[in-house]
Amino acid sequence: MTLDEILAGLFPSGHDVVVGPGKLLLGTGRRVCGRAVEVIGIAEGEPLGIDGVLPLAERVLDIAAAGGDAPMLVVVDTQGQRMARRDEMLGLNEYLAHLAKCLLLASRSGHPTIGLNYGRAAAGAFLATALATDVLVALPGAEPAVMDLPSMARVTKLPLEKLEALAKTTPVFAPGLDSMTKVGAIAQVWDPAKPLDVQIETTLATIPAHDVRDALGAERGGRLLATGIAWRVADQASRYRRV
Amino acid sequence: MNARSSGPSQRAWDTARQSREQRLAAAARYARDKLVFHEDVTKLLEALVRSGDRVCLEGDNQKQADFLAARLAEVDPVVVKDLHIVQSGVVLAEHLDLFEAGIAKRLDFSYSGPQGAAIARALKASKIELGAVHTYLELFSRYFVDLTPHVALTVARCADREGNLYMGPNTEDSPVVIEATAFKQGIVIAQVNELVDKVPRVDVPGDRVDFVVVAPSNFYVEPLFTRDPAQITETQILTAMLAIKGIYEPYGVKRLNHGIGFNTAAIELILPTYAERLGLKGRIATHFALNPHPTLIPAIESGWVEQVYSFGSEVGMDDYMRARPDIFFTGRDGSMASNRMYCQSAGLYATDLFIGSTLQIDLAGNSSTFTKDRIAGFGGAPNMGSDPRGRRHASDAWLKAGREAAGEPTRLPRGRKLVVQIVETFGEKLSPTFVEGLDSIELAKSLDLALPPVMIYGDDVSHIVTEEGIANLLLCRTPAEREQAIRGVAGYTDVGRARDARAVEELRARKVIQRPEDLGINPLDANRSLLAARSVKELLRWSGNLYDPPRKFRNW
Amino acid sequence: MENLKLRFTTRGPAPGTACSAIVGVVASGNLEVLLERVLAQNECAVEITTPVRGYDEVWKAVVADFVERTSPGGMRISINDGGARPDTVALRLMQGVRTMEMDDE
Amino acid sequence: MSETGRPFGASASWFLSTARERLAKLLDAGSFTEFVPPSERAQSPHLASFDLPAAFDDGMIVGCGRLDGNSVLVAAQEGQFMGGTFAEVSGAKLLGLIRAARDDEKLPRSILLLLDSGGVRLQEANAGELAVAEVMRAIVEARAAGVAVIALVGGRAGAFGGAGLIAATCSAIVISEQGRTGVTGPEVIETNKGVEEFDSRDKALVWGVTGGRTRRLIGGADAYAEDTAASFREATLALMGKARPFDLATLRAEQARLAGRVGRLGGCDRAAAMWKALGVADPRAAGDMDDPVFVALVADVKGAGDDAR
């Protein structure tokens, strides 16, 4: 689905979301009930750098400051963080983390946040946007990945064929929508054949109050150890409570 | 008198000079007096260099005439071909390009460093006809006998219009190369970083230099002698402790040369700590024939070192040496001067100990840095690491070693140089240092070399130090003892595990083999807190910020 | 991965009272050694996991020398190896025993 | 659990130390207790399929201890093991620790993260990435619950990728000269964008772009420590109890701080130019100067004291 089709499907009552400079998405969509959904995002695979973060974060802070409980939709198609000496020199990690923190604050301030991955999504840019929402959904064709296999082969110095073979069996490692769903990162995959406006309403109605991604990963068999380990740490920590 | 004419011979006695005049005439259009624009250098070389010439494209393990190398690699191989390259270092990719393109055919050299694998490939592909792999002294000596260059391409920091050259601390091979070429009617071309009205000091007089070109960028120098203390391991520190306690101290070694490995860097860095605690200051390691190793700075600053003479310079050490003229050899201009030929002679004749690392040692103590697919070259190690039979001055260390070698008192006392191999029993990727047979013997067979490349012959080696202990080969009386002494310090390599345990214990009882505990050293005490400097930044601190580390070592 | 399990009867118990210790890290050319005082006083078990194949005999030699030298009775010793050289292995084992000699906290 | 047998003074290099050595000297002597210690063998089950060795702690050590008598929770990454990466087990250990503090106000109200990490472990990329996202959310929730989360950066692997983002999600960051923060590592930028964009072997350049002094000067870290456990301890103690709340005002201030940085320094091509723009007269000398002199210099740099994050 194209971005236009997605937005039209989500907001049949209308929206003013446009792809602006830097391929940033900003705007508001109207739900069937008449209430607003605030939309931010990044489109066309554009890498997310410091210049992209600032307007997005500012918008999120404005929404949080304005009060109310309008949900936020974070729509992403990005190849990842911008790889440039300049961005790194200025502290890109702080900018990306800032955007994530703004989204988490908005959620805490009463604005439920939904991430929507419809294209690529990778690494630091993924963490700063869609992975910092209350619930992440995807459309078929989405390609979430930490790193593609050829790059991974270069970095790990492992043969590409070996990685390709392993990718077939190991969701904790293999790039792609299926794996990201199995490990619990993606809560739902929407069905493009069905009305998106209905599906977003369903998603909004079932937004979890706390982070359930580790539980989802365990349930779906993609991350079998994480919940147990985290629980063991917390359990052992509880012996050191102040009395 | 009838068979010979009574007058002077009718043959021409100045063909070389004539050839030189012809070449200079052909090249004149590309030069104004001695100056050549860098854009014209390839044309200049095509006019000057003739097929089959012996060419020294200067470059050793440190500085490189990199601009001239690149230009020589660009000449038309139809015009200039089959050159005989006679140079100490084959280090740049361009050096190999010459052979690939057919510009050069024959090679006599000393050191290859990063191009070792490429040389091996070129040899196998018959792109190179190899004369010999020399030691530095040997190659320099042959410049004056049968490998005199027709053309020398040299490199200096700056020149004046007369061609006077200033090499500064990087004098290195240049004086010997230029002397041999210039006085045998050859042609000398220098690349320089800048042209000045007056050079700070004349390292090479202008009348030995025919052309000068200002290169578009400064010549390359490899910081080959910089070892980051942060990478020194506990095992290397242990071997360093063993060397000091088991060799430097008992022999009272004052005059010495160190290799470039991490083990010897560790020795330098524990002089002010471990050796100081042993009370050895002033009694060992006072006079060095050594490049200006940054890791020597703490020992110098704590008053251990009296003087250092160097083969070449080291990147970033210029200001430090300028500020320490009591220690280093410096010119009237204040900057340090080096000379590889002099320093090699010094290392051969005027030191009592050489200590360095190697990749392989066999059961007779022969060592090599050549492997099946790497022609690494020797550099100076075979000279440093040999017992000079022409030495005639005595010292305590030398005489003690001589007594040990002789076994019993003789009417004619002789001395011995201490030649120490300091290694870890396994190298990178778990490759054993100790082997039944050296790879270089296989290599020599496969390349049809007349002489298998051996870095240090076993009969020159006096001691082998590993983390398992020290083997004193001077005390071995039979080849069998020697073999067990070597096996006895070879750790868990196949060679080491095949030792005769009883024989080894007997050798230990005779102190032919000494374990760390025999020397009062607990391996668990070998830790990094012994290093006087644990990082490059700390070396900078020790130097009072005079040392200017190369960018690739500046992790701050 | 290769897995090697060795068992020894020792002359006596390892000194000290520490229950467990870990020395070294899993990195290229390095290893971690986990020591746990959980066996009978004259027993020692060593388990090695390593990605480097074909060094069983070397491991056996290094560990046997270590056991002979230190008599680490009561110890279960577990090793994750990152391709360490035998001398590094021997050093870490010695460091481990030294650490176990300290009193447990 | 006892510490390694190697002598390690408080003056030993933080950069070169192991995670366990750092913990031992950072905290009050003998005060550290580890949760899910190596004897529980919580190892990665995934590395073996890549023929890579696992570690008994998966490179993440979590527990509690005391800092000058104050109870703290701590986590330390072992940068030498798989680059200190976030993976299924290592990520879950950290997550469990932070969530415990978030959920139980009777647990210590400070968490120290001794980061030393290249980011996400590629062999467990999805689990690692997701763990980072979970940890970031948990840090925010813990901060909102009044927990101070302080990142200490000075290890060999720095804090890159997900670790860089986690550091910047914390209440405060302590960094040493050798410490580095960033997102994409120099090697990866070089591989993808060419050596002209970033020459990863030029360490002076690498540290100029990502290193501790640059970070401290531009306000990318809130405190500067010398490369010793003693100095990290001192800097951390000074920050404890001063954590900003996690609220709109803080993030507004951070937005202004980050926008201001782009405005002031966005045109700089090199770190030296950036330092000059901040009023450092001789950047080269400032790079080489002793730590205390540098700390004094930072005090005069506008913006370096802005700790909104």
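The sequence lines fix the lettering, A, B, ..., with proteins before strands; numbering per chain opens at 1. All values below were derived from every heavy atom in this structure, side-chain atoms included, with hydrogens, water molecules and symmetry-related copies excluded.
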Considering all heavy atoms, the nearest [X]-[Y] contact:
X        : Y        : result
A:Ala237 : D:Leu107 : O-CD2, 3.2 Å
D:Arg261 : A:Gly91  : NH1-CA, 4.1 Å
D:Val36  : A:Gln236 : N-OE1, 2.7 Å
A:Ala185 : D:Leu130 : N-CD2, 3.4 Å
D:Leu165 : A:Ala128 : CD2-N, 4.4 Å

Given a strict heavy-atom distance threshold of 4.5 Å, which part of [X] is in contact with chain D: side chain, backbone, both, or neither?
X        : value
A:Ala84  : both
A:Lys182 : neither
A:Leu103 : neither
A:Leu92  : both
A:Leu127 : both
A:Ala132 : neither
A:Arg213 : both

Is there side-chain contact between [X] and [Y], with heavy atoms separated by less than 4.5 Å?
X        : Y        : result
D:Arg309 : A:His98  : no
A:Tyr95  : D:Val262 : yes
D:His46  : A:Phe173 : no
A:Leu96  : D:Val183 : yes
A:Glu94  : D:Thr181 : no
D:Arg99  : A:Asp214 : yes
A:Arg86  : D:Leu265 : no
D:Leu248 : A:Ser109 : no

Pick from [options]: which one has the most heavy-atom pairs with chain D under 4.5 Å?
options                                : value
A:Ala174, A:Gly222, A:Ser238, A:Ser151 : A:Ala174
A:Ala65, A:Ala100, A:Ala64, A:Gly124   : A:Ala65
A:Leu99, A:Thr227, A:Asp134            : A:Asp134
A:Leu54, A:Val183, A:Val53, A:Asp51    : A:Leu54
A:Leu90, A:Leu163, A:Leu131, A:Ile229  : A:Leu90
A:Pro144, A:Ala123, A:Cys102           : A:Ala123

Counting N and O atoms only, with roles assigned by atom type, does the side chain of [X] sit under 3.5 Å from a partner on the main chain of [Y], one being a donor and the other an acceptor?
X        : Y        : result
D:Arg215 : A:Met89  : yes
D:Asn126 : A:Pro171 : yes
D:Glu88  : A:Ala226 : yes
A:Glu88  : D:Thr184 : yes
A:Lys101 : D:Phe246 : no

Looking at chain A, which one of [options] has the largest number of heavy-atom pairs inside 4.5 Å, strictly under?
options                                : answer
D:Gly164, D:Ala100, D:Cys268, D:Ala271 : D:Gly164
D:Thr210, D:Thr214, D:Ile173, D:Val132 : D:Val132
D:Arg270, D:Glu129, D:Glu124           : D:Glu129
D:Lys193, D:Met136, D:Lys93, D:Arg137  : D:Arg137
D:Gly211, D:Ala127, D:Gly208           : D:Ala127
D:Val62, D:Asp104, D:Asp103            : D:Asp104

Measuring heavy-atom distances to chain A, does [X] have an atom under 4.5 Å in its side chain, in its backbone, in both, or in neither?
X        : answer
D:Thr33  : side chain
D:Leu251 : both
D:Arg102 : neither
D:Arg257 : side chain
D:Glu196 : backbone
D:Arg143 : side chain
D:Ile98  : neither
D:Glu187 : neither

For the pair A:Asn93 and D:Phe160, evaluate side chain to side chain contact (heavy atoms under 4.5 Å, CB included) and give the outcome as yes or no after the intermediate values.
CA-CA 8 Å; A:Asn93 64 312; D:Phe160 281 92; over 6 Å; no

D:Asp199, D:Asp202, D:Asp269 screened by salt bridge (charged side-chain N to carboxylate O under 4.0 Å, His left out) with A:Arg85, the one that passes
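Exactly one candidate clears the test, D:Asp269.
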
Evaluate side chain to side chain contact (heavy atoms under 4.5 Å, CB included) for A:Arg108 paired with D:Val140, printing each intermediate quantity in order.
CA-CA 10 Å; A:Arg108 298 181 61 78; D:Val140 159; 4.0 Å; yes

Basic-acidic side-chain contact under 4.0 Å: D:Arg252, A:Asp62
yes

Hey, are D:Glu105 and A:Arg241 close enough for a salt bridge, meaning a charged N less than 4.0 Å from a carboxylate O?
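The answer is no: the pair does not qualify as a salt bridge.
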
Approximate separation, where rounding is to 0.5 Å, of D:Phe35 CZ and A:Asp235 CG:
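Reported to 0.5 Å precision, the distance equals 10.0 Å.
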
To the nearest 0.5 Å, how far apart are CE in A:Met83 and CG in D:Asn192?
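Spacing of CE (A:Met83) from CG (D:Asn192) equals 4.5 Å.
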
Worked verdict on A:Arg232 versus D:Glu40 for side chain to side chain contact (heavy atoms under 4.5 Å, CB included)
CA-CA 10 Å; A:Arg232 265 159 67 192; D:Glu40 295 194 23; 2.8 Å; yes

Could you go through the side chain to side chain contact (heavy atoms under 4.5 Å, CB included) check for A:Leu166 and D:Ser49 one step at a time?
CA-CA 8 Å; A:Leu166 282 166; D:Ser49 47; 3.8 Å; yes

